[in-house]
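The next block holds one structure in the form of structure tokens; read it before the comments.
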Amino acid sequence: MNYQPILDEIAEEIKPYFGRGKVADYIPALAQVPPTKFGIAIQTVDGEVFTVGDAAERFSTQSVSKLFTLTLAIKLVGEKLWERVGREPSGNPFNSLVQLEYEQGIPRNPFINAGAHIVTDHICSHTDNGAQSILDFIHTITNDKTIAYDPEVAQSEKETGHRNAALANFLKSFGRLDNDVQTVLNVYYQHCSLRMSCLDLARATLYLANGGFHPLTGQRILTRSQAKRVNSLLLTCGLYDAVGDFAFRVGLPAKSGVGGGIVAIMPRMLTIAVWSPELNEPGNSLIGTKALELFTIKTGQSIF
Ligand code: DON
């Protein structure tokens, strides 16, 4: 299918939505990104690529990186991962502290911040250098060694990351972290600072649209069953407390980040990554969500 006319139409139709959201400013380095940036990239399992707008420009992936850390942790730890993190939607904001107290330090899922700290802790325990191992893994699945962390964004988040520090200390107090709090936080801030474009993200995640086997690099990244599980977690937890509305509107497993990126998976067909920095109230890209909704409406394609 030629998706190009559909992407061109979407780029026109989202224009009235600029100015309705707000660029993340709680990490000061993110506040500098121009709000009018917009891009989409589609990568099909057959090797076709379609783009519109700023699809090749790299931006801060933030929580989209949790998709890659989860994949890496599943590879490193396997089933043991689920002893310290759950698989249920949280119904709470991504950085909420309340649930963690009454659920004894077992985060609801690996995508809320507390769950991502558990995932990062496992990576730190099973590698010599957590941050480098995550980056090496991204380089492997993209076949692109130019993808890098942004030290300025990582430092900016470290300086203002009081909530993450609270969550990690809370986890430690329940005995749920094996590594030092600061070690885990430093790796977390680094992987959140990963800079990738829509094109990079669509290419990197293609194994999830293809039963765990990456058709572009010829590598098996996850087993078919593990890939099914990651997609299921994306569908139920990938957009935090907006996940129900997103599934209702878009109907695809997806992961968002406060940098304004969202990557969505159409199993057996394609991946689609969108970038628009203005966020809605729950912290997901407002125009990115709209663009994905328009995509599934116009193509009639979703997982349902
Ligand atoms: O921990 C944080 O607050 C950020 N590094 C990541 C948050 C994020 O992207 C949530 N997603 N929408």
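Since the model is a prediction, treat every value here as computed from it, not as a measurement. One-based numbering, in listed order, for ligands and for the atoms of each. Values below: every heavy atom of this structure, side chains too, minus hydrogens, waters and symmetry copies.
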For ligand 1, list every N/O pair with the protein closer than 3.5 Å, one pair per line with the distance.
| unit_1 | atom_1 | unit_2 | atom_2 | d |
| --- | --- | --- | --- | --- |
| ligand 1 | 1 (O) | Asn113 | ND2 | 3.0 |
| ligand 1 | 1 (O) | Glu157 | OE2 | 3.0 |
| ligand 1 | 1 (O) | Asn164 | ND2 | 2.9 |
| ligand 1 | 1 (O) | Tyr188 | OH | 2.5 |
| ligand 1 | 3 (O) | Tyr26 | OH | 2.5 |
| ligand 1 | 5 (N) | Gln62 | OE1 | 2.6 |
| ligand 1 | 5 (N) | Glu157 | OE1 | 2.8 |
| ligand 1 | 5 (N) | Glu157 | OE2 | 2.6 |
| ligand 1 | 9 (O) | Ser63 | N | 3.0 |
| ligand 1 | 9 (O) | Ser63 | OG | 2.6 |
| ligand 1 | 9 (O) | Val258 | N | 2.8 |
| ligand 1 | 11 (N) | Ser63 | OG | 3.3 |
| ligand 1 | 12 (N) | Gly283 | O | 3.2 |

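When atom types are taken as modelled, the side chain of Ser156 and the backbone of Val153 share no donor-acceptor pair closer than 3.5 angstrom. In this structure, Ser96 contributes its side chain and Pro93 its backbone to no donor-acceptor pair below 3.5 Å. The main-chain N or O of Phe111 is found under 3.5 Å from a side-chain atom of Asn109 such that the two form a donor-acceptor pair. Checking side-chain atoms of Arg84 against main-chain N and O of Arg176 turns up a donor-acceptor pair under 3.5 Å.
The only option from Asn186, Asn179, Asp180 that meets the side chain to side chain donor-acceptor pair (under 3.5 Å) definition with Gln182 turns out to be Asn186.
Between Arg20 and Glu278 there is no salt bridge, since no side-chain nitrogen of the basic residue lies less than 4.0 Å from a carboxylate oxygen of the acidic one.
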